[in-house]
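Notes follow once the structure below has been shown.
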Protein chains: 2
Amino acid sequence: MAQYSAQHRVLIAVDCIIFGFDGAELKLLVVQRALEPQIGNWSLMGGFVEEGEDPNDAASRVLYKLTGLKDVYMEQLSVFGRPNRDPVERTISVAYSALINIKEYETQLSDAYRAEWIPLKDVPALIFDHDEMVAAAKVHLRYKAALHPVLFELLPEKFTIPQIMVLYEQVYNVELDKRNFMRKLRSTGLLVKQADKDKEGSRKGAFYYKLDQETYKDKFSSFLHFIPQP
Amino acid sequence: MAQYSAQHRVLIAVDCIIFGFDGAELKLLVVQRALEPQIGNWSLMGGFVEEGEDPNDAASRVLYKLTGLKDVYMEQLSVFGRPNRDPVERTISVAYSALINIKEYETQLSDAYRAEWIPLKDVPALIFDHDEMVAAAKVHLRYKAALHPVLFELLPEKFTIPQIMVLYEQVYNVELDKRNFMRKLRSTGLLVKQADKDKEGSRKGAFYYKLDQETYKDKFSSFLHFIPQP
DNA sequence: AAAAAAAAATGTCAAAATGACATTTATGTT
DNA sequence: AACATAAATGTCATTTTGACATTTTTTTTT
């Protein structure tokens, strides 16, 4: 017996929901589809899982091809397998959510895929069920970030408190209280204050911080409650 | 163009990690594999996704075949797709975690699959990567149940406070404080006290409770924190 | 050089939630 | 009637939360 003979075989794809944050707005990295059908339409970056390839590795490969980045924070979201989601042929897709430090990416920018960062709230309709994937990724991101310091993955190595706060406000579409938010942030022990300031954003300038990598790893999985009753 | 011609097609399976609770112990429903290879060995209940079938529906179908139950609480866990996880042929599996009220199932018991409830801590080695699936399901269950009242899915319609507490203690392998746990539980507004008592478990008897279905739906997604820093 | 403008940084207090802990209550058994 | 068993309940000190306003730093303007 070399095969489960009677069974039905399908294509497996991966699709990446790629979030980025430029200091002011939360954005999504989308591409213009390179093959028929729907060639030229907006789409998530994706690709087929190849022979002998783990789907997780396929997602990393696809992300690397687009961004040139490795070791990106990425999580498996869920499987999208509605029978006719791809009109050409039955394809089951595994959706992955990735968080990118947008500055790092910009230096790697490649035009090969006609990729664009689009503010999350302006993202146009995407092909197939990619809109649903994005919706699921947004829900997941909100859930995750309410409890775990995952949004730091979107920030550069040195960042300021006002930047983080704007980021949280973007993700949850709320206004936060500076004092309470900062108290919470401090209490996590995640931040290491730097001596210099970011003078871009204001006259006074805001102190830079870095992540305490040790604490970050230790506390990543505990419940930190950044957002009051999200 | 009718196909993405050059691509590699694979089998898609679903596997169900099925939890049950008999009032004293947390158990897993496992079966003895019906086909080669590894026929007769312990395995999760699973099956192939059929033509035109959504993977979620496949999981429901597989669960129904085994237990005769519909509308069971079930969540997609994640994809297991390591290239040689199934030695016969490349098969990518979507793992689902299900929570079953064990009493309901017992009335439906069918011998067709040589299924058995095995205490979670005594589960033998399973075929392929099913051990990893179970491990992932345990992690997920702990995570989920720390925040959401999902464990009630394991209990019968009428249950007692001591029963719930034992269940939480089983899931987290800790001892909880009766008074604090009960205070937390009350504060959720999930419980409706019944007039009668369960006299099985003790002389004094423990009052039965039911879930307030409205509140359950409303609060299911909010963060309730049943477990102090899990 | 002084005043104004802009955003960052910080502190207080009352209310709510938590964690630690021991006693009383109800019922069947001896 | 006394005993054994498990269920049910209450208190207090500590911590965490949420609401809220002022001071500080620096650049720009006059």
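So you know, we letter chains A, B, ... as the sequences are listed, proteins then strands, and number each from 1.
To the nearest 0.5 Å, atoms CG (B:Leu154) and CD1 (B:Ile164) are separated by 11.5 Å. Separation of atoms CE (B:Met165) and CZ (B:Phe226) is listed at 14.0 Å; rounding is to 0.5 Å. Considering CG of B:Asp196 and OH of B:Tyr208, their distance stands at 6.5 Å, rounded to 0.5 Å.
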Nucleotide N/O to protein N/O under 3.5 Å, stretch nucleotides 13-16 of chain D:
none

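The neighbour count for A:Tyr64 OH, taken as heavy atoms of other residues, nucleotides or ligands under 6.0 Å away, does not exceed 12.
Side-chain polar atoms of B:Thr160 and B:Asp198 form no donor-acceptor pair below 3.5 angstrom.
Projected onto DNA chain D by closest heavy-atom contact, B:Asn180 and A:Ser187 fall at different nucleotides, the more 5' of which corresponds to B:Asn180. Comparing B:Tyr209 and A:Asp177 against DNA chain D, the residue whose closest nucleotide sits nearer the 5' end is B:Tyr209.
Minimum interatomic distance between B:Asp22 and B:Lys103 (heavy atoms only, all atoms of both residues): O-NZ, 4.0 Å. Closest approach of A:Ala115 and A:Val31 over heavy atoms only: CB-CG1, 3.9 Å.
In this structure, B:Leu185 atom CG and D:dA8 atom P are separated by 12 Å, rounded to whole Å. The separation between B:Phe181 atom CZ and D:dA7 atom P is 13 Å, rounded to whole Å. Whole-Å rounding puts the B:Lys178 NZ to D:dT9 P distance at 12 Å. One interatomic measurement links the two molecules: CZ of B:Phe226 to P of C:dG19, which rounds to 14 Å at whole-angstrom precision. Taking atom CE of A:Met182 as the reference point, atom C1' of C:dA7 lies 13 Å away to the nearest angstrom.
In this structure, the helix from C:dA1-D:dT30 to C:dT30-D:dA1 shows an angle of 10° between the axis at its start and the axis at its end, each fitted on 5 base pairs and rounded to 10°.
Applying the 4.0 Å criterion to OP1 and OP2 of D:dA7, one finds that B:Arg179 has every side-chain N and O outside that range. In terms of phosphate contacts, A:Arg183 brings no side-chain nitrogen or oxygen within less than 4.0 Å of OP1 or OP2 of C:dA9.
Between A:Arg82 and A:Glu132 there is a salt bridge, since at least one side-chain N of the basic residue sits less than 4.0 Å from a carboxylate O of the acidic one.
Ring centroids of A:Tyr168 and A:Phe21 are separated by 6.0 Å or more, keeping the two rings apart. Here the two rings, on A:His148 and B:Tyr143, have centers that are under 6.0 Å apart.
Using modelled atom types, no side-chain atom of A:Gln38 and backbone atom of A:Arg33 make a donor-acceptor pair closer than 3.5 Å.
The salt bridge (charged side-chain N to carboxylate O under 4.0 Å, His left out) search around A:Lys197 returns none, not counting sequence neighbours. Partners of B:Asp131 by side chain to side chain contact (heavy atoms under 4.5 Å, CB included), not counting sequence neighbours, listed by chain and number: B:Ala125, B:Leu126.
Non-hydrogen atoms lying under 4.0 Å from DNA chain D are contributed by A:Lys197, A:Lys199, A:Arg203, A:Lys204, all within residues 193-207 of chain A. Taking a 4.0 Å limit (strictly below) on heavy-atom distances, residues 152-169 of chain A does not reach DNA chain D anywhere.
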